[in-house]
2 protein chains.
Amino acid sequence: MPSGSDLPTTSWAVLGMLSHADELSGYDLKKWADWSLQFFYWSPSFSQIYAELKRLEKHGYATSRTVLSEDGVRGKRMYAITPAGREAVSHWVNHSPVEAPVLKHSVMLRAWLGHLAEPDRLREILTEHIDYAEAMRRRAEADAEGSKTNPDWAFPSAVLRWCVRHYEAEREFAKDLLADLDKLATTGRNPRGRSRSRRTAKPRGSTRP
Amino acid sequence: MPSGSDLPTTSWAVLGMLSHADELSGYDLKKWADWSLQFFYWSPSFSQIYAELKRLEKHGYATSRTVLSEDGVRGKRMYAITPAGREAVSHWVNHSPVEAPVLKHSVMLRAWLGHLAEPDRLREILTEHIDYAEAMRRRAEADAEGSKTNPDWAFPSAVLRWCVRHYEAEREFAKDLLADLDKLATTGRNPRGRSRSRRTAKPRGSTRP
DNA sequence: GTGTACATGTAATCCGTTACATGATTCC
DNA sequence: GGAATCATGTAACGGATTACATGTACAC
């Protein structure tokens with residue numbers, strides 16, 4: 001049947017979530033992604049999760065069954081990983097080329113364009129980012145706390161601890177950058193209008209994608 | 001004329017690069033993105049850069065002229081930001097909603113699925129990631145060094161210092177995670193086959209996208 | 001009775017990549 | 001003579017999002 005492990009990473013992430021549980025609905029998966037995957041990968045939208053689940057089922061990596069509530073009216077579809085699915089995702093973990101981590105940090109992009117920013121606004125953006133990092137750290141910490149007892153969650157738990165430190169560092173570095181920029185504003189103080197010593201950007205070698 | 005600041009972030013990143021220089025070709029931009037944007041945002045492909053440049057020109061945010069070599073044969077197209085472009089990208093920096101930073105860390109995803117990994121392979125993946133982070137740190141450091149003298153590059157320089165610390169931390173945390181996992185392997189040692197105490201994943205609240 | 005959470009999907013759209021095509025120049 | 005770099009683009013594809021559509025259950 002369907003062969004090759006050429007699915008997008010998102011599919012493996014979803015299948016990986018299924019490998020941690022017995023049975024989950026699309027809705028469950030989204031909610032769970034929001035408090036686990038979210039910290040180090042990203043949380044796909046509802047619509048994509050439903051689409052991924054269909055694809056996984058088509059590949060034979062997951063099965064689903066309709067569960068009815070007592071009254072037998074509304075149904076929901078619960079998904080479970082199959083042995084083939086477990087094997088496939090294991091194969092992906094162990095044998096597929098590891099993609100470079102992707103970082104799209106729009107806050108840093110704005111700081112990089114600081115010469116175009118109103119100083120107060122830039123400070124505000126960084127302050128909000130510091131709060132964001134702190135909130136993320138707290139959430140990760142709470143989740144790490146919740147999973148640390150169960151030995152079945154050893155790996156997620158270890159990654160969660162990584163996340164806690166990551167967001168801690170994120171906050172610290174942003175604070176220091178903010179301080180740096182404040183120093184810049186008080187020291188150099190270019191009155192107005194960019195100095196005309198602008199040289200043409202001269203990229204130096206090192207083309208490592 | 002084209003109005004509104006509803007362009008994808010990538011467009012602003014490209015226009016932002018133009019705001020740092022006088023004139024750049026698409027090729028220049030790609031090369032430069034590889035050693036600057038790359039560290040905190042990502043480097044778009046050639047084809048996208050060319051497409052973005054056309055779009056920016058269509059919006060009146062950039063102009064281009066064809067530059068011929070001495071022999072007058074091969075031409076290349078050099079792009080420059082316009083006043084309207086400078087204003088537009090400033091407006092984006094100061095007034096558009098700041099998107100949450102995006103992190104897609106496929107190494108952590110694999111670690112999170114460590115129960116499916118061959119321990120040696122997982123260790124290898126992490127080791128390679130440590131080397132990757134070290135290489136990125138070194139590149140960022142070299143670039144920070146190169147830009148620290150010129151006051152025109154104060155903001156990019158500050159961001160570059162942020163990057164150096166970021167990749168330093170990345171390396172450190174990965175090393176510690178590796179140590180954690182090694183401890184895990186020697187301590188708990190589940191002989192084979194997952195323990196059947198698997199509980200259904202019970203997501204807890206906190207839906208913060 | 002009104003809002004929030006549960007629950008699942010379709011359609012349109014677009015962002016971005018890879019693969020492909022082309023050709024000059026420079027270095028070894 | 002051949003590889004690497006400069007230089008620009010097109011076409012096909014697919015990944016992912018937003019907006020829309022729909023309906024139940026439950027708490028206040």
Side-chain angles (χ1 to χ4, degrees), chain A residues 4 6-14 23-35 37 41-57 64-79 97 99-100 102 104 106 202-209, chain B residues 6-14 23-34 37 41-57 64-79 97 99-100 102 104 106 202-209:
Chain A
D6 44 0
L7 288 174
T9 308
T10 306
S11 303
W12 302 117
V14 171
E23 241 191 357
L24 294 169
S25 70
Y27 199 88
D28 291 338
L29 280 161
K30 171 61 177 166
K31 292 292 119 175
W32 193 30
D34 284 344
W35 75 263
L37 268 194
Y41 211 76
W42 95 118
S43 189
S45 61
F46 273 115
S47 62
Q48 203 191 350
I49 287 191
Y50 289 118
E52 290 299 348
L53 286 171
K54 280 190 177 162
R55 171 154 54 178
L56 290 172
E57 193 167 25
S64 70
R65 64 188 189 100
T66 302
V67 176
L68 298 177
S69 55
E70 286 97 74
D71 48 55
V73 178
R74 77 220 123 103
K76 69 175 175 176
R77 191 161 284 272
M78 300 292 283
Y79 286 86
E99 317 84 25
V102 173
K104 290 176 82 168
S106 86
K202 197 59 198 299
R204 294 98 100 244
S206 67
T207 309
R208 242 212 58 187
Chain B
D6 44 0
L7 288 173
T9 308
T10 305
S11 304
W12 302 117
V14 171
E23 243 191 355
L24 293 169
S25 69
Y27 199 88
D28 290 339
L29 280 161
K30 170 61 177 167
K31 292 294 118 172
W32 193 29
D34 284 344
L37 270 193
Y41 210 77
W42 96 118
S43 190
S45 62
F46 272 115
S47 62
Q48 203 191 348
I49 287 192
Y50 289 118
E52 290 300 347
L53 287 171
K54 280 190 178 163
R55 170 154 54 177
L56 291 172
E57 194 167 25
S64 70
R65 63 187 189 100
T66 304
V67 176
L68 299 178
S69 55
E70 286 98 71
D71 49 55
V73 179
R74 77 222 122 102
K76 71 174 174 177
R77 191 162 284 273
M78 300 292 285
Y79 287 86
E99 315 85 23
V102 173
K104 289 176 83 168
S106 85
K202 197 59 196 300
R204 293 99 101 248
S206 68
T207 307
R208 241 212 61 185

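Residue numbers start from 1 in every chain, and the chains themselves are labelled A, B, ... in the order their sequence lines are given, proteins ahead of strands.
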A:Asp34 side chain vs A:Lys31 backbone, donor-acceptor pair below 3.5 Å: no
Any side-chain N or O of B:Tyr50 less than 4.0 Å from the OP1 or OP2 oxygen of D:dT8? yes
Quickly work out the A:Lys54 NZ to C:dT8 P distance and round it to whole Å. 11 Å
Any side-chain heavy-atom pair from A:Ser43 and A:Leu37 closer than 4.5 angstrom? no
Give a yes or no answer on whether the side chain of B:Trp42 reaches the backbone of A:Lys104 with a donor-acceptor pair at less than 3.5 Å. no
Starting at atom CZ of A:Arg77, determine the distance to atom C1' of C:dA7, rounded to an integer number of angstrom. 12 Å
Rounded to whole Å, CD of A:Glu23 lies from C1' of C:dA7 at a distance of 16 Å
Look up atom CG in A:Leu29 and atom OH in A:Tyr50, then write down how far apart they are to the nearest 0.5 Å. 9.0 Å
Protein proximity profile, nucleotides 11-18 of chain D - base contact B, sugar-phosphate-only contact S, no contact -, cut-off 4.0 Å on heavy atoms: ----SSBB
Pairs under 3.5 Å (N/O, protein and nucleotides 3-6 of chain D):
unit_1 : atom_1 : unit_2  : atom_2 : d
D:dC6  : OP2    : B:Tyr27 : OH     : 2.8

Applying salt bridge (Lys or Arg N to Asp or Glu O under 4.0 Å) to A:Arg55 and not counting sequence neighbours gives A:Glu52
What is the minimum heavy-atom distance between A:Ser64 and A:Arg77, and which atoms define it? OG-NH1, 2.7 Å
Using modelled atom types only, decide if a donor and an acceptor are shared between the side chain of A:Lys30 and the backbone of A:Ser45 within a distance under 3.5 Å. no
Mark yes or no for whether A:Thr66, through its side chain, and A:Gly75, through its backbone, hold a donor-acceptor pair below 3.5 Å. no
In this structure, how many angstroms lie between the C1' atom of C:dT18 and the CD atom of A:Glu99, rounded? 15 Å
